[in-house]
Peer 1: 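My questions all concern the structure below.
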2 protein chains.
Amino acid sequence: MSWSEQVLTELSAEGHRLTGPRRQILEYILRYTAPFTAEELLADLHQTEVQVGRATVYRTLELLQQHEWLRLVHRPEGEHGYVVGEPGHQHHLVCRACGKVTMFEGCELETLLGGLAERLHFRIESHWLEALGVCRSCQVAGS
Amino acid sequence: MSWSEQVLTELSAEGHRLTGPRRQILEYILRYTAPFTAEELLADLHQTEVQVGRATVYRTLELLQQHEWLRLVHRPEGEHGYVVGEPGHQHHLVCRACGKVTMFEGCELETLLGGLAERLHFRIESHWLEALGVCRSCQVAGS
DNA sequence: TCTCCCAGTGATATACTGTATCGTCTAGCT
DNA sequence: AGCTAGACGATACAGTATATCACTGGGAGA
Ligand SMILES: [Zn+2]
Ligand SMILES: [Zn+2]
Ligand SMILES: [Zn+2]
Ligand SMILES: [Zn+2]
């Protein structure tokens with residue numbers, strides 16, 4: 001079952017409608033290999049025969065992010081971009097050369113943050129971890 | 001030597017001018033206990049007798065951030081805010097109740113990320129770590 | 001202390017980004 | 001097929017950030 005099929009299934013199960021624009025956006029998103037913004041997606045869609053309204057793009061991306069099918073990461077330039085994700089706890093490695101994102105799960109931060117929280121009397125509820133560097137293919141290309 | 005004096009010294013050493021607006025902004029920044037945005041600082045300054053131009057506020061904050069005298073953190077609402085910082089490696093705990101930020105240094109992420117980088121053949125150059133939760137005083141107040 | 005030069009300022013205009021509104025349409029159910 | 005609430009999208013609007021450019025004043029050197 002592909003990513004877009006999974007998303008459509010879950011959305012439908014929650015009572016959301018599977019409209020044409022949503023299907024088209026879902027399909028188009030998969031073309032991206034690097035984080036993208038709502039404006040970029042909108043502009044790219046307008047280059048094609050697909051004509052989707054600005055509001056719909058923003059609404060759809062936010063809906064997907066709330067369901068964790070999309071995630072926010074910091075792009076090397078500084079702003080936030082969306083990347084395709086899976087529900088559950090996960091973090092990202094962002095390549096500053098090509099922008100590609102590598103996911104990894106199972107971070108062992110809980111113990112580290114647990115000790116810290118106890119020491120500072122701070123109740124930690126969630127954390128944001130992200131690494132910036134150079135991916136394998138860009139290392140090869142650069143050397 | 002206070003934070004603003006340190007900043008002024010470094011800026012001067014690099015050939016930047018110590019202008020009136022810069023001094024006033026530096027002084028005002030220290031009033032904040034929670035992350036602030038450029039627009040908020042601008043509005044707050046306009047409430048006082050200090051009249052600084054919009055462009056100057058944006059330029060000054062960016063200048064300070066480049067020198068790591070200011071840092072960006074995620075505010076509970078989602079956007080980025082500035083907090084006073086020191087140059088060097090450091091991370092933040094952000095309270096979702098009062099917004100206050102607690103810094104901590106010396107994270108032991110290097111080993112964790114080191115193993116990961118080797119496994120994924122990803123050269124990690126920097127990382128972003130931030131925790132969201134409830135600070136001590138807000139825990140007391142809430143219970 | 002005085003002069004001069006240019007980094008810095010700030011008013012204005014403009015571009016960019018995101019949201020509110022609201023009439024229309026259609027997906028999905030009966 | 002018909003109904004209806006959810007979704008769409010054109011438009012207007014609000015908020016955020018940057019470009020421009022004439023002017024100012026910080027500070028180095030005379
Ligand atoms: Zn790469
Ligand atoms: Zn961010
Ligand atoms: Zn608090
Ligand atoms: Zn660290």
Side-chain angles (χ1 to χ4, degrees), chain A residues 4-5 7-29 35-67 69-70 72-75 77-82, chain B residues 4-5 7-29 35-67 69-70 72-75 77-82:
Chain A
S4 45
E5 286 171 333
V7 175
L8 289 172
T9 301
E10 177 175 330
L11 289 182
S12 177
E14 290 190 6
H16 296 285
R17 290 190 183 168
L18 309 184
T19 66
R22 283 184 180 161
R23 293 175 188 276
Q24 290 173 319
I25 289 174
L26 279 180
E27 196 175 345
Y28 198 92
I29 281 177
F36 60 94
T37 65
E39 288 295 326
E40 287 168 357
L41 174 57
L42 182 65
D44 291 345
L45 285 174
H46 280 184
Q47 300 284 41
T48 71
E49 72 287 347
V50 183
Q51 295 301 315
V52 184
R54 170 188 301 271
T56 300
V57 170
Y58 277 90
R59 282 190 290 236
T60 302
L61 292 182
E62 193 182 348
L63 179 67
L64 294 176
Q65 193 212 329
Q66 286 168 354
H67 288 76
W69 292 111
L70 284 181
L72 281 178
V73 298
H74 286 121
R75 305 207 296 184
E77 310 92 59
E79 354 73 282
H80 286 164
Y82 289 101
Chain B
S4 45
E5 285 171 334
V7 175
L8 289 172
T9 301
E10 178 175 329
L11 289 182
S12 177
E14 291 190 4
H16 296 285
R17 289 188 183 169
L18 309 185
T19 66
R22 282 183 180 161
R23 293 175 187 275
Q24 290 172 319
I25 288 174
L26 280 180
E27 196 175 345
Y28 198 92
I29 281 177
F36 61 93
T37 65
E39 288 294 327
E40 288 168 356
L41 174 56
L42 182 64
D44 292 344
L45 285 174
H46 280 185
Q47 300 284 41
T48 71
E49 72 287 348
V50 183
Q51 294 301 316
V52 184
R54 170 187 303 272
T56 300
V57 170
Y58 277 91
R59 283 189 292 236
T60 303
L61 293 182
E62 192 182 348
L63 179 66
L64 294 177
Q65 192 212 330
Q66 286 168 354
H67 288 75
W69 290 112
L70 284 182
L72 281 178
V73 298
H74 286 122
R75 304 207 296 184
E77 310 91 61
E79 353 74 280
H80 286 163
Y82 290 101

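Within every chain, numbering begins at 1; the chains are lettered A, B, ... in the order of the sequence lines, protein sequences first and strands thereafter. Quick note: numbers below take in every heavy atom, side chains included, and nothing from hydrogens, waters or symmetry partners.
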Peer 1: Using atom CZ of B:R23 as one end and atom P of C:dT9 as the other, report the distance to the nearest whole Å.
Peer 2: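 Rounding to the nearest Å, CZ of B:R23 and P of C:dT9 are 12 Å apart.
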Peer 1: B:A55 side chain: which of C:dT17, D:dG9, C:dG10 is closest?
Peer 2: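 Closest nucleotide to the B:A55 side chain: C:dG10.
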Peer 1: Are OP1 or OP2 of D:dA7 and a side-chain N or O of A:H16 less than 4.0 angstrom apart?
Peer 2: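 It does, given that an N or O in the side chain of A:H16 lies less than 4.0 Å from OP1 or OP2 of D:dA7.
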Peer 1: Return yes if a side-chain donor-acceptor contact under 3.5 Å exists between B:H16 and B:E10, otherwise no.
Peer 2: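 No - no donor-acceptor pair under 3.5 Å links their side chains.
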Peer 1: Please report the distance, rounded to the nearest Å, between CG in A:L61 and P in D:dC8.
Peer 2: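 Going from CG in A:L61 over to P in D:dC8 covers 12 Å.
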Peer 1: Nearest whole angstrom, please: distance from the P of D:dG6 to the CG of A:L11.
Peer 2: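 After rounding, the gap between these two atoms is 15 Å.
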Peer 1: With a 6.0 Å cut-off (strictly less than), is the heavy-atom count around CD of B:E39, excluding the residue itself, greater than 12?
Peer 2: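 Counting neighbours around CD of B:E39, more than 12 heavy atoms of other residues, nucleotides or ligands fall under 6.0 Å, so yes.
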Peer 1: For the side chain of B:R59 and the base of C:dG10, is some donor closer than 3.5 Å to an acceptor across the two?
Peer 2: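 Pair found.
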Peer 1: Return the nearest nucleotide to the side chain of A:T56; candidates are C:dT19, D:dT16, D:dG9.
Peer 2: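 From the listed options, D:dG9 comes nearest.
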Peer 1: Nearest whole Å is fine: how far is D:dT16 C1' from B:L72 CG?
Peer 2: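 The distance from CG of B:L72 to C1' of D:dT16 comes to 15 Å, rounded to the nearest Å.
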Peer 1: Using modelled atom types and a 3.5 Å cut-off, is there a donor and acceptor pairing between side-chain atoms of A:S12 and backbone atoms of A:L8?
Peer 2: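 Not a single qualifying donor-acceptor pair exists.
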Peer 1: Can you measure B:H46 atom NE2 to D:dT16 atom P for me and round it to whole angstrom units?
Peer 2: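 Roughly 14 Å, once rounded to whole Å.
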Peer 1: Rounded to the nearest 0.5 Å, what's the gap from NE2 on B:H80 to NE2 on A:H80? Could you check?
Peer 2: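 Between atom NE2 of B:H80 and atom NE2 of A:H80 there are 3.0 Å.
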Peer 1: I need the OH-P distance between B:Y58 and D:dT20, as an integer number of Å.
Peer 2: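 Spelled out: OH on B:Y58 to P on D:dT20 is 18 Å.
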Peer 1: Considering just the side-chain nitrogens and oxygens of B:T19, establish if one lies under 4.0 Å of OP1 or OP2 belonging to D:dG26.
Peer 2: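 For B:T19, the contact criterion (side-chain N or O under 4.0 Å from OP1 or OP2 of D:dG26) is not met.
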Peer 1: Distance criterion of 3.5 Å, no angle test: do you see the side chain of A:R17 paired donor-to-acceptor with the base of D:dG6?
Peer 2: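 When only heavy-atom distances are counted, A:R17 does reach the base of D:dG6 through a donor-acceptor pair under 3.5 Å.
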Peer 1: C:dG18 P sits how many Å from B:H80 NE2, rounded?
Peer 2: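 So the NE2-P distance, B:H80 to C:dG18, works out to 12 Å.
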Peer 1: Does the side chain of A:R22 get closer than 4.0 angstrom to OP1 or OP2 of D:dG6 through an N or O atom?
Peer 2: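 No, outside the criterion.
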Peer 1: Could you pick out which residue, B:V52 or A:E62, lies toward the 5' side of DNA chain C when each is mapped onto its nearest nucleotide?
Peer 2: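 Its nearest nucleotide being more 5', the pick is B:V52.
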Peer 1: Just the rounded figure in Å: distance from P of D:dG15 to CG of B:L42.
Peer 2: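 Rounded to the whole Å, the gap is 14 Å.
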Peer 1: Could you tell me whether the side chain of A:T48 and the main chain of A:L45 form a donor-acceptor pair under 3.5 Å?
Peer 2: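 Checked: pair present.
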